[in-house]
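First comes the structure, then the notes that go with it.
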Protein chains: 2
Amino acid sequence: MRETDDRIFDAALSVFARKGKDGARMQEIADEAGISKALLHYYYRSKDQLYEKVFEHVMSRLERSFGERLMKAGSFEEVLGSFIAGYVDFVRQNLDVMRLMVNEHLTGSPVVAGRLRTIMDSSETMPTVVFVRRLEEAMERGEVRRVDALQMLITVMSSCIFFFIIFPTIRAIHPLAATDSDQFIEARKQHLTDVFRTSLLTSQEQAGEDT
Amino acid sequence: MRETDDRIFDAALSVFARKGKDGARMQEIADEAGISKALLHYYYRSKDQLYEKVFEHVMSRLERSFGERLMKAGSFEEVLGSFIAGYVDFVRQNLDVMRLMVNEHLTGSPVVAGRLRTIMDSSETMPTVVFVRRLEEAMERGEVRRVDALQMLITVMSSCIFFFIIFPTIRAIHPLAATDSDQFIEARKQHLTDVFRTSLLTSQEQAGEDT
DNA sequence: GTCTATATCTCGATAGAC
DNA sequence: GTCTATCGAGATATAGAC
């Protein structure tokens, strides 16, 4: 059996992610961790401190994710494919992290924006940072047509993340998602890679056009 | 000064959207509506009933939005442009509606999925329904290359919605969003229309390829 | 470290005056 | 219709035994 500390952490992340900071109940976290409410307070004096801790950890998990893999990619086409696959997999394996971040944004907690800015600036291996740099380089070389690189980043990220949020609804409208979600997710990676590759890569026959 | 009823409704939508159903506080709603907590209970017996009412209204607002406009569009290229512009504008003008729906999904409330299914089936003027049908027709005619129409819908919707969720972060990384958000949003419509048009429309020189 | 029991506070909801 | 005051449930947090 794992350390109590770990179980608390996972339970807290899960509950905070679903209910938000205010909606979360200490009792629910304790239950999910299989301990008493008192013990929960023994480890973390208050709900605020527990949330703080969870949020810290989430941010660091985001920071060191799959950036290195991207650095190694050769062509921008490879970068695009790796970014999409890596991002989708990361979100799938860290659903609660994603939910927590979304919740943070919805509640308008001022913490997020400032922190993300710092991370984006500092970490040279942040996948998002690598993606933008590689995209800009590829535009320079004429490998891809000219677009606003940051807008492109936002578009690709949105497409990789948002469907996880509304998955219950997607289940209701897409047959494959209902029957085999893993297969649906793989199909989605394919679809996204295809859509954005087709949109970006300049072939000889296709003249570049900008905004 | 508007009807008390209206003020309550707007306040409730706003607070529920930010905090979720559990996280929302009746006191906060009362404050935002500029009335006492007691009066709030006078209008709506319980928090559950208030939430129910708000949710009902939100769903109906989604249902009859900008579907008619889409029906009139001629080519699929027009459909695409109208859908993106219409969707982005709808979300911008109904931010709380979007937040509420996202919150519903995060909390795993079973209400959403079932309801959306019904709406998607029933309403022939739902923008999303129109979009998918028009896309499929355009593929038949060879006006656009073959893709999974539902995946495409998800991708376009994601790109139109998600950036509103993470707007605080976007402010921190995109200069235009920080200085003039309206202008940023217009630029985003342009970007999305461009990206997906380029990806989908088959020109003579460009052979269709599928998943 | 972990529990049960309890103190303390906050929230949803009601009573009753105006 | 609107308020102040308050009840009772349920939440966070603490005390104290093991």
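Reminder, nothing fancy here: chain letters follow the sequence lines and each chain counts from 1.
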Send over the distance from I8(A) CD1 to dG1(C) C1', rounded to a whole Å.
-> 10 Å
For the pair made of CG in L39(B) and C1' in dT14(C), what is the distance, rounded to whole Å?
-> 14 Å
Whole angstrom value for the distance that separates C1' of dA13(D) from CD of Q27(A) = 13 Å
E32(A) with R18(A): basic N within carboxylate O range, under 4.0 Å | yes
Closest nucleotide among dA5(C), dT2(D), dA13(D) to the A38(A) side chain = dA5(C)
OP1 or OP2 of dT14(D) under 4.0 Å from side-chain N/O of H41(A) = no
Round to the nearest Å and state the distance from K47(B) atom NZ to dG12(C) atom P.
-> 5 Å
Presence of T4(A) side-chain N/O under 4.0 Å of dT2(C) phosphate oxygens OP1/OP2 = yes
Between dG12(C) and R25(B), is there an OP1 or OP2 to side-chain N/O distance shorter than 4.0 Å?
-> yes
Nucleotide dA9(D), atom C1' - distance to CE of M26(B) in whole Å = 15 Å
Is it true that K189(A) and E186(A) make a salt bridge, defined as a side-chain N closer than 4.0 Å to a carboxylate O?
-> yes
In whole Å, what is the span from the CD atom of Q49(B) to the P atom of dG12(C)?
-> 15 Å
Using a cut-off of strictly less than 4.0 Å, decide whether Y44(B) has a side-chain nitrogen or oxygen near OP1 or OP2 of dG12(C).
-> no
Ion pair check, K37(A) and D31(A), cut-off under 4.0 Å = no
Is A30(A) touching bases, backbone alone, or none of the nucleic acid, heavy atoms closer than 4.0 Å?
-> nothing
Give a yes or no on whether the backbone of A17(A) and the side-chain of D96(A) come within a donor-acceptor separation of less than 3.5 Å.
-> no
Starting at CG of L40(B) and ending at P of dC3(D), how long is that distance when rounded to a whole Å?
-> 11 Å
Are R188(A) and F163(A) in a cation-pi setup, meaning NZ or CZ lies under 6.0 angstrom from the ring centre and within 45 degrees of the ring axis?
-> yes
So which nucleotide from dC3(C), dA13(C), dC3(D) ends up closest to the side chain of I35(B)?
-> dC3(D)
Would you mind telling me which of dG1(D), dT4(C), dA13(D) lies closest to the side-chain atoms of Y43(B)?
-> dG1(D)
